[in-house]
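Any value given below was found using the heavy atoms of this structure, including those in side chains, with hydrogens, waters and symmetry copies removed. Labels below follow one simple rule: chain letters A, B, ... track the order of the sequence lines, proteins then strands, and each chain is numbered from 1.
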Amino acid sequence: MNDLPLLTILIAIPLVGAIASAFLPGATARLVGLGASGAALVWAAIAAFSSYDLDGGMQLIETHSWIEALGVHYALGVDGLGLVMVLLTVALVPIVLIASWHEADDEGNGGSSGFVAWVLALEAMSLAVFTATDVFLFYVVFEATLIPAYFLVGGFGRSGRGRAAMKFLIYQLAGGLVMLASVVGLYVVSADAGKPSFLISDLAALDIDPITQRWLFVGFFVAFAIKAPLFPVHTWLADTTEKATTGTSVLLICVLDKIGTFGMLRFCLGLLPDASQWATPVVVVLALISIVYGALVAIGQDDLLRLIGLTSLSHFGFIVLGIFVFNNQGISGSILYMVNHGVGTAALFLVAGYLIRRRGTASIRAMGGGAEKVAPVLAGMFLIAGLATCGLPGLSPFVSEMLVIIAAFEHAWWVGAVAVTAIVLAAIYVLWAYQRSMTGPGGDFVGVEGMRDLDAREVGTLAPLVLALLLFGFAPMPLLDVINPHVDDIMTSVGVTDGAQGGQP
Amino acid sequence: MTHYIVLSAILFTIGCVGVLVRRNAIVVFMCIELMLNASNLALVTFAKQHGNLDGQIAAFFVMVVAAAEVVIGLAIIMTIFRTRRSASVDDASLLKY
Amino acid sequence: MTDFVKPVIDYFELLPLLVVFGVACLGVVVEAFAPRSARYVAQVVLALAGLIGALVAVVLIGQDVEVYADGAARGILAVGGTIAVDGPTLFLWGVILVLAVAGVLLFAERHLDGGVSAFAGQAAALPGSEAEREAGSRGLDHTEVYPLLMFAVFGMLLFPAANDLLTMFVGLEVLSLPLYLLCGLARRRRLLSQEAALKYFLLGAFSSGFFLYGVALVYGYAGSMDFTAINESVRNDTGNSSLLLIGMGLLSVGLLFKIGAVPFQAWTPDVYQGAPTPVTAFMAAGTKVAAFGALLRLFYVAFGADRWSWQPMMWIVAILTMIVGAILAITQNDVKRMLAYSSVAHTGFILTGFLGVQASADLAPGEVSALQAVLFYLATYGFVVLGAFAIVSLVRDSGGEVTSLDRWAGLGKESPVVAAAFAFFLLAMAGIPLTSGFVGKLAVFSVALAAGAWPVVVVGILASIIAAFFYIRVIKAMYFDEPVGDGPSVVYPSVLTATTIALGAAATLMLGIVPGPLLDLAGLAGQFLR
Amino acid sequence: MELYTPVLALALLAAGFAVFSVIMSAAVGPKRYNRAKLDSYECGIEPTPQPVGGGRFPVKYYITAMLFIVFDIEIIFLYPWAVHFDAMKFFGLVEMVVFIATVFVAYAYVWRRGGLDWD
Amino acid sequence: MSLGLGVLAVQPAVADDGLSAFGQDPWWLILIKAVLIFLVLVLLTLFNIWFERRVVARMQHRIGPNVNGPFGLLQSLADGVKLALKEDIIPKAADKVVFLIAPVIATIPAFVTFAVIPFGPEVGLPFTDRTTPLQLTDMPVAVLFVMAIASIGIYGIVLGGWSSGSTYSLLGGLRSSAQMISYEVAMGLALVAVFLYAGSMSTSEIVAAQNPAQEYWLGVIPIPTWYAVILLPSFIIYVIAMVGETNRAPFDLPEAEGELVGGFHTEYSSLKFALFFLAEYINMATVSALATTLFLGGWHAPWPIIQVWEGADSGYWPLLWFFGKMLLFIFMFIWLRGSLPRLRYDQFMAFGWKRLIPISLVWIIAVASIRIITLDGGIDRTYLFGAAGVFLVLFVVLFFIGDSAEKADAEEPDRAVETDAWAGGFPTPPMPTGGAVRGAAAPLTFPDRRTTVPGTADSAAFDEEK
């Protein structure tokens, strides 16, 4: 089994599925797509359980020379961080596909087959991003994710999506190009050292002088901050989530944006540790602003999808904060947060999507409440997902949020104090939104698709997510087992050890 | 020797300024030819100065090129002129930013 | 009187040049003697055969060149040192010839406009006159365009191979003059086309005047036209260095004009817009490749020892070119103009690579050299731009090509394949990974950064970001905007244009995914032969 | 340069004579002008109004001028070749045949296209 | 007197020393020579005019001018004086400055070209021990110089025609310029063969190269050395071109009285007109002198004379031979005028472009080949003459087969006329050949698709036509 290029096959499965479904009629394409994403899920699970070793370090490595003249390799591998992201990705895609079963039926741009094809392409690219161990390859697939994402945003969703897609793409491309400078810079540094290469392992071995490190760091960080997103380069986020379909938003926020924080860990901390420490104060401040600002703005939103998008800003603030406070709890909390946020926000988006589809509007005020009585399951799911988002104990985000907050206090008391306020704000925006949209006397539900409760398909998409929220809320250890060895690796490479052994909930 | 160079420089400058300030395509074109011929003068002078023939040979080639340019330039200007009944470069203004 | 020494003419090494020139002359003969009905086929076949023959010759020469200094350079100096048939030359020849083949295919396209080519039926007939109508209704066709194209190709081959100033000047003119004419031959929108030709001609002749005076001054400085001898003079610092500096400046005016660098870019949009689209495609691709080849050779070989005099100037030019090209492109509402400004921006990117490290002593083993990067970029860009303009020629309405961006809205629904191909080319221009544009950009940026030109690279990045905006705007218009009126229609082309587009797209994709072989080839080309 | 000084002398002499003649004719001749005399001569009828700059004339003349330029340049190359022909021998012959053939191609084209017909 | 000068003569100029004999003269000598040339030219013009009138008169069974002076020799002078006293008119429509300058521009080059014509060998000056060539100056590119300066003369004519502001003048000026440049090509090509044989462009060296030590066939028949004989085609082409260059009959189209009144000089009067007239006659003399120099051995005595009289090529005697040969050409000019009618303009241009130029080019290649063969040895000059004969025949043949070939050359008729009268399924009547007849009823047209403007809506119609 180990002789097989497991990761390449993993990437190839959705890719083949994407190509196939692009040329098939809508209904068939959906089935093929679902099959492909399911296969990827199964394959990833098999690979993880059969071949991944919990000791940490880069595993399942494949390395082939790609462009010899530039020292570029086709190199794949996963470590703890990569593995959880891969699993998150493969798990979310089938759910999104099912949830969006009828979403793209009546749209142009290739209809369902187009939607499925782009989703699968996005999955393949994302998997490649999380498994790439060559900077060049990483960059290539990093940028390549934008194309399917662009067409998903621009092709499907509410009117005005074209503009939103363009804003999205411009932001992301700009970030990518800034990163390109740093990628090139890394290459030049390695060439100066005598061995031009893009392999992360080669680059990590370099001794880069601090000034250069800082420049390179800025390049990488800007790109990842846009991706993540982080204040002040987050403005694409709300527009995109507002206009795109919720399925797309799930993929964007829960999978794609994780690349940002993933990149910070992999490149900023992994390759440029000195510069990362140098930048900590600024980054921490930015993260705190994101946390508070995201939450505050979310409170003021009337559009449900915008609201959810902005909560993510707050959450990404937490993740970045965890990464840059430089201690074990922080980082493992962040990684955990990435998973939990993925699950929780996905659930919230999907529920919101179902609700909006029923009401025909995304405006909280226009909904006028009352849904609780007509559609109790829907309301319940909404509540669970919402509470998970605001970090209710017993649901998984709580664990990661606590880890990060503890780490923040350890870093500096005022950082922790500011971070804590977000919990309060989160409670406000979730509960208030719930109250206004679900509870109360309710209006007349005339002229819309019809206010009815969730059907089996919809419940089926939400159930695994809610289960995961509960499961990881009470027993996060399996995840932490995967994550912690990697956290130790990072801490060693950064050169900061606080002695504490992993984060205990 | 220097005198010739200075003369050629002056001619070149006149041609150059002429191109920039004149509006009639034919005149502009003649100014360009003046620039080429100024170059020829410089080439020949330098050839004399360095005592080799490269510059003079170059002058020959330049003449050929100038001739070809005249032919093509006149053809183009003629077509425009016939269409618009004006050789002013300002009148040719369909292409704008 | 010195005795006459018969120059050695290396006929084999010059075979591509001779073949192309011979075919061009033959084309004129065909034009003169073949009956009108037979001309079209004869010319197209002849041109294609000639170009492919020349391409074969390039390959043959490439396999059989002398190698110097362990592969650092290869080739020979032919015809008494006036033409350098070395690695970079052969590489550029190959690229130009392939682009020219595609150009001929585009020229030959007659399917798009109701059975006639894109060229005026009778250039001498006044636009809007009875004679023109008659020429149109009789289906007249200027088959002279093929010999003209071949002459231009000949100039393009000669230009980067020239190893002395005079040959370079001749190459410059031979390449330009046919293009001036070709620009004025559009079938539709004759006035626009003629105007473009006039502008191109006047500005082109103006810049070649500068080039020539530069030739004279540098000759005055060095006492020789030969690059090697000039290099020797520069190294030994003999002669009047102000002559050298002014001469160098004037020479670069001429060359920067041809590549369309700021501040000599003004002609680019007008000419690109006004010229018949096949000509634009061919010109945008070929001229840039040839002119950059010449620029590289001139500055690396002849002025290489005086790098510090010209480097700052080139820094500024590169920076300005990128910024101006990118910013002005945003304001355009015409696809051809937009592509023109984007080509200006690309000129800036290539110039960035031109600023990179060249001396092999400064390179780590396996590191990309500036020459290699630029050669690669040129090859990739040529294919992209060719394909993009080929697609522009497909989108038409009853009045001919539709180039206004508004009218391109909704193209993705009208013709997904064409829109997809165009989007792909745009993404390649924007430098998105998995297209050749990305690898090219990476290569030029890395060489420039290695040479310490980080401000240029930073500006390059900024310009890329700005540029990305207008490329994506077009994609958005094609896919997500509602069509205005009845929208444009895509005329499905014959196999000729389709082949060109496919070639461009395939090259762009292949070079994006596996750029290795071409990069290696560019690396194998080695240095310029001195 | 001394070879050219006499040319200058002769030129000055000729110029002096010509200018003198022009001035003389103005000074010596009688002056009895009238309107008709000052009109352009057109066989006694009212002269056709002339546009500024001499008006336009057939394109033919341009074509002739262009052809002339091309051929004159060709001749320019033939002269040095002819003068030093004895030194170049067979090589010179071959090269010049190639050159002339090339020009001949263009010539044949112009001929066939009616560029040499004056109608 | 002339005998005395012959005694004073020193050695004839030696050709091999190149141009060292030139550029040595002191300023006063230059001045004297220049003035002499000037005077000779003016007098020659007066003489030529008289000569022409007399000869033409004789040919037409008239007497010609015979009143003023002996044989009417002073007639031209009288005419000149009369012109000087005529009213000087500058037309209203004229561009004054250019109108005044044009005759000056036409005149100066006419004089200047004579600077490089060799009248004779190096001679001793009377009353000094100085020797000097009978030539104002010479240079390595003398013939080129002549052609260059002569072209400047064209400006005078064109500007004169243009500045007059009259239709006739303008057309005359244009015609003359077109004609001069057309024939200049042929003339230039004709000279190539001469340079090729002489190996020089300097007039004095060309003269020297034409007169090497005489050789004989069988010890009796002299082998010709003049280029007029060994380069006969060149000579013929040159002579034809020279007539065209000087705007003389039968090529006097620019001033064709019948169509253009007076051509470029219609508006000129008084001495300005005289200047044009002067320039034309000097040009005639110039091309004759050049022909003498390049093809007839220059100032050297013709063949039999040198055999019977050793001193014929020394001293001032060569002046006699030179002017004799030159007058021969002048006579030829007059003869042509007296006997040939004027050509039509298109015939004239076609002759220049379609006959003279290709023949010249072919001839140049032939000459070069012959030269190679002779230089590489082994070929007797006999064969050379054989080849020359063949070429002569070829030349004559080409000269006469013109018209029939020309018909075939014309563009094949455009296919629209004869093709598919039934295109599109219904008949389209063919247009009468040569277009609608003026005054006749308007041609019948059918409003079918084929008559609409192409390219907009009827691309389908195109497809059918293809």
Side-chain angles (χ1 to χ4, degrees), chain D residues 2-7 9-11 13-15 17-19 21-22 24-26 28-33 37-43 47-48 50 54-55 57 61 64-65 67-68 71-72 75 78-79 82-83 85-86 89-90 92-93 96-97 100 104 107 111-114 116-119, chain E residues 22-23 30-31 33-35 37-38 84-89 91-93 100 103-104 107-108 111-112 115 136-137 139 144 162 165-167 170 174 178 181-182 185 188-189 192 195-196 199-201 261 266-267 270-272 275 345-346 349-350 353-354 361 365 368-369 371-372 375 409 411:
Chain D
E2 307 82 52
L3 292 179
Y4 290 86
T5 329
V7 175
L10 191 56
L13 212 58
F17 170 71
V19 171
S21 301
V22 170
M24 272 301 288
S25 69
V28 171
K31 295 171 187 61
R32 288 183 294 270
Y33 301 126
K37 264 189 200 169
L38 292 178
D39 263 347
S40 301
Y41 178 77
E42 213 151 289
C43 306
T48 325
Q50 283 282 308
F57 31 82
Y61 289 103
T64 309
L67 287 175
F68 165 71
F71 277 96
D72 220 29
I75 293 171
L78 283 172
Y79 281 1
V83 169
F85 180 74
D86 290 0
K89 300 254 170 69
F90 193 65
L93 178 66
M96 197 42 74
V97 167
I100 290 180
F104 224 86
Y107 177 77
W111 189 336
R112 291 282 305 188
R113 277 302 156 93
L116 304 179
D117 297 329
W118 195 282
D119 40 28
Chain E
F22 298 96
I30 291 174
L31 206 62
K33 280 185 181 178
V35 170
I37 287 177
F38 177 77
L85 296 173
K86 284 285 180 186
E87 188 172 343
D88 184 45
I89 297 173
K92 214 167 51 217
L100 288 178
V104 179
T107 315
I108 300 175
F111 281 103
V112 170
L136 183 55
T137 183
M139 46 195 94
L144 205 57
W162 174 81
S166 147
T167 317
L170 182 66
L174 281 173
I181 60 178
S182 298
V185 174
L189 287 173
V192 171
F195 301 148
L196 201 137
S200 169
M201 280 195 276
V261 186
T266 305
E267 302 290 345
S270 177
L271 271 184
K272 291 205 289 296
L275 283 180
Y345 201 67
D346 62 328
M349 293 300 273
W353 283 103
K354 294 185 181 175
L361 285 173
I365 294 172
S369 312
R371 181 76 179 172
I372 293 278
L375 281 182
D409 290 338
E411 276 277 301

To the nearest 0.5 Å, what is the distance between [atom1] ([X]) and [atom2] ([Y])?
X	Y	atom1	atom2	answer
D/Phe71	E/Ile181	CZ	CD1	12.0 Å
E/Leu174	D/Thr64	CG	OG1	10.0 Å
D/Met24	E/Leu85	CE	CG	8.0 Å

Closest heavy-atom pair, E/Lys354 versus D/Trp111, reported as atoms and distance to 0.1 Å, is O-CH2, 3.3 Å

Select one option (side chain, backbone, both, neither) describing which atoms of [X] are under 4.5 Å from chain D's heavy atoms.
X	result
E/Met349	side chain
E/Leu271	both
E/Ile37	side chain
E/Ala84	backbone

With a 4.5 angstrom heavy-atom cut-off, is it the side chain or the backbone of D/Phe68 that approaches chain E, or both, or neither? both

Worked check of side-chain contact (heavy atoms from CB on, under 4.5 Å) between E/Leu275 and D/Phe17: CA-CA 10 Å; E/Leu275 283 180; D/Phe17 170 71; 3.9 Å; yes

Among residues at least two apart in sequence or on other chains, which ones pass side chain to side chain donor-acceptor pair (under 3.5 Å) with E/Thr137? none

Side chain to side chain donor-acceptor pair (under 3.5 Å) partners of E/Ser182, counting only residues at least two apart: E/Trp353

Heavy-atom side-chain proximity of [X] to [Y] below 4.5 angstrom:
X	Y	answer
E/Arg371	D/Leu93	no
E/Phe195	D/Phe85	no
D/Tyr79	E/Val192	yes

